[in-house]
Amino acid sequence: MARRHARVGYGLPTLLAVGLHVLVLLISVISLPASDREPQPSSIVQATLVSTETVTDQAQRAEAARQRALARQAEEQREAEEQARQAEEQAAAQEAQREAQQEVEEQALEEARQAAEVEAARRSEEAEAETRRLEEQRQAEEEARREREAEVQRRQEEAERQREAEEQARREEEAARQREAEEQARREEEAARQREAEEQARREEEAARQREAEEQRRREEEEAARQREAEEQARREQEAEEQRRREEEAARQREAEEQARREQEAEEQRRREEEAARQREAEEEARRAREQAEAEMQRLIEGADERVANAQQGQQAANDFIALVRQAVEQSWRIPPNVSSGATAEISVRLGPSGELFVAEISRSSGDTAFDRSAVQAVEAAAPFAELRQLPAGVQRDYRQFNLRFRPGDVR
């Protein structure tokens with residue numbers, strides 16, 4: 001709170017002023033008779049008269065002076081009181097103004113202090129919010145980094161599992177082919193012994209039994225074909241799913257190369273058109289080659305009638321048939337560009353009784369879709385294989401299903 005000034009008292013100065021005026025008046029009254037006194041006359045009467053008049057005048061003047069002094073004293077007292085009152089009012093107004101100014105200053109200081117506290121609180125909150133935001137951002141970046149590391153680890157594990165699965169499938173497929181080859185050799189050996197043991201009796205009944213056997217084989221083949229078709233359909237669906245998964249994985253791997261491949265699309269389109277033209281020419285050439293091969297096969301078969309009578313000669317004819325098939329497929333094959341030299345695809349081929357193509361599908365993929373598709377198209381372009389009808393009846397069934405392996409250099 002503002003300190004009030006002590007009130008200034010004017011009573012003592014007023015009393016001192018009044019006393020001073022009274023003292024001056026008294027001195028004047030006392031000194032005036034002495035100064036006006038005249039020499040005493042010799043006449044008593046005259047002296048008395050003069051003295052009387054002098055005393056009366058002095059008393060009147062003294063009274064008038066006293067009245068004037070009292071009037072001046074009263075006036076001065078009123079003036080002093082007025083001045084004191086004005087001074088007191090001025091002092092009170094100054095005190096009130098000072099107190100109001102001090103209150104305004106104190107209020108301004110209080111408001112400034114409160115504003116400073118609010119600003120400090122706001123800045124503190126902003127700093128805390130910024131700190132929380134930076135911490136959340138750091139945590140989000142750390143979480144994203146861990147997720148990326150986990151994704152990389154997952155992809156690596158998935159790629160490793162994929163490689164292991166492919167390697168396992170390759171081993172199983174190789175073992176299956178080995179077992180199939182052994183089973184084929186065993187069947188051929190058993191068939192050869194059986195044919196040798198029954199050849200004499202079969203010659204006498206061959207015509208009737210041949211027809212019955214052909215009908216029976218036809219029924220068995222149709223039943224087996226239906227069963228194999230169902231199994232084949234299930235296997236194709238499974239392989240299609242596996243192929244789709246491998247293609248999706250390959251597609252993801254090729255996404256990184258897609259940008260570069262887009263730049264080559266125009267050039268590849270031109271090459272494909274040229275390749276299509278060459279392929280049409282090659283198909284025409286393959287057709288002529290097949291016709292020539294069929295003529296050659298016919299000539300070989302006609303010249304080898306005596307050899308066909310035994311199993312060894314039938315095997316030679318079958319080998320000739322496989323060689324002709326490979327030659328026709330090679331002539332129809334158009335290898336796509338940019339194929340790795342180590343690429344290998346295996347195509348499972350199944351023929352009808354007249355050599356028509358029933359199925360040509362991928363039994364082992366090279367990992368390159370274009371390469372696999374070119375191999376299937378080569379088999380489809382080379383079909384039908386009418387030379388199958390030129391084989392002995394007992395051998396035809398064994399060569400209606402076989403595998404062809406495609407490498408960039410040859411077909412096996």
Side-chain angles (χ1 to χ4, degrees), residues 176-233 235 289-329 347-360 363 379 382-404 412:
R177 287 198 299 273
Q178 182 66 28
R179 289 192 299 271
E180 184 178 358
E182 292 175 355
E183 181 66 19
Q184 181 68 23
R186 187 187 62 78
R187 287 198 301 268
E188 291 176 354
E189 183 178 357
E190 184 178 353
R193 288 195 301 269
Q194 186 176 359
R195 284 194 297 272
E196 290 176 357
E198 297 175 351
E199 186 64 25
Q200 183 64 33
R202 290 175 57 186
R203 287 196 185 97
E204 298 174 356
E205 302 174 355
E206 188 62 31
R209 292 178 58 188
Q210 182 67 30
R211 289 191 299 271
E212 182 180 356
E214 286 293 335
E215 183 64 21
Q216 182 65 24
R217 279 197 299 272
R218 185 183 64 78
R219 288 193 299 269
E220 291 175 355
E221 286 174 359
E222 289 176 354
E223 182 64 23
R226 285 192 297 271
Q227 184 176 359
R228 284 195 301 271
E229 186 67 24
E231 295 173 354
E232 195 68 19
Q233 181 65 25
R235 185 179 63 82
R290 282 199 306 272
E291 292 175 356
Q292 182 178 359
E294 290 175 359
E296 181 66 18
M297 183 67 181
Q298 184 65 30
R299 185 183 62 79
L300 291 173
I301 291 174
E302 290 175 355
D305 286 340
E306 294 179 358
R307 289 181 298 167
V308 174
N310 55 62
Q312 184 177 3
Q313 291 172 347
Q315 183 65 38
Q316 181 62 38
N319 292 337
D320 293 339
F321 166 72
I322 292 299
L324 290 173
V325 169
R326 288 174 179 168
Q327 181 181 2
V329 171
I347 306 301
S348 177
V349 179
R350 188 158 57 88
L351 304 178
S354 300
E356 65 273 17
L357 180 62
F358 277 175
V359 176
S363 60
V379 176
F385 304 99
E387 296 84 352
L388 179 66
R389 292 178 297 181
Q390 307 300 328
L391 295 177
V395 179
Q396 288 182 10
R397 183 177 179 182
D398 295 332
Y399 286 88
R400 285 175 57 187
Q401 185 170 357
F402 52 88
N403 293 332
L404 293 176
R412 291 289 182 267

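Computed from heavy atoms alone, side chains included, the values below leave out hydrogens, waters and symmetry copies. Here, residue 1 is the first one in the sequence, and each next residue gets the next number.
Side-chain atoms of Gln390 and Phe321, non-hydrogen and from C-beta on, never get closer than 4.5 Å to each other. When side chains are defined from C-beta on, Gln396 does not count as touching Arg217, because their heavy atoms never get closer than 4.5 Å.
Checked by atom type and distance alone, the side chain of Glu356 never pairs as donor or acceptor with a backbone atom of Pro384 at under 3.5 Å.
Around the CD atom of Glu183, the shell of radius 6.0 Å holds more than 12 heavy atoms that belong to other residues, nucleotides or ligands. Around CD of Glu229, the count of heavy atoms belonging to other residues, nucleotides or ligands within 6.0 Å exceeds 12.
Of the N and O atoms on the side chains of Gln184 and Glu188, at least one donor lies less than 3.5 Å from an acceptor on the other residue.
In this structure, the separation between OH on Tyr399 and CG on Leu391 is 8.5 Å, given to the nearest 0.5 Å. Put simply, CD1 on Ile347 and CG on Asn403 are 9.0 Å apart, with the number rounded to the nearest 0.5 Å.
The heavy-atom pair separating Leu388 from Gly352 by the smallest distance is CD2-O, 3.4 Å. Among all heavy-atom pairs drawn from Gln401 and Ser348, the shortest one is NE2-OG, 4.4 Å. Considering all non-hydrogen atoms of both residues, Leu351 and Gly355 come closest at CD2-O, 4.0 Å. Taking each heavy atom of Glu387 and Leu324 in turn, the nearest pair found is CG-CD1, 4.1 Å.
Salt-bridge check for Arg218 with Glu222: passed, with a basic side-chain N closer than 4.0 Å to an acidic carboxylate O.
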- request: Check the pair Arg219 / Glu215 against salt bridge (charged side-chain N to carboxylate O under 4.0 Å, His left out), numbers first and verdict last.
  value: CA-CA 6 Å; Arg219 288 193 299 269; Glu215 183 64 21; 3.6 Å; yes
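Listed by chain and number, the residues in a side chain to side chain contact (heavy atoms under 4.5 Å, CB included) with Arg202 are Arg195, Glu198, Glu206, Arg209 (sequence neighbours excluded).
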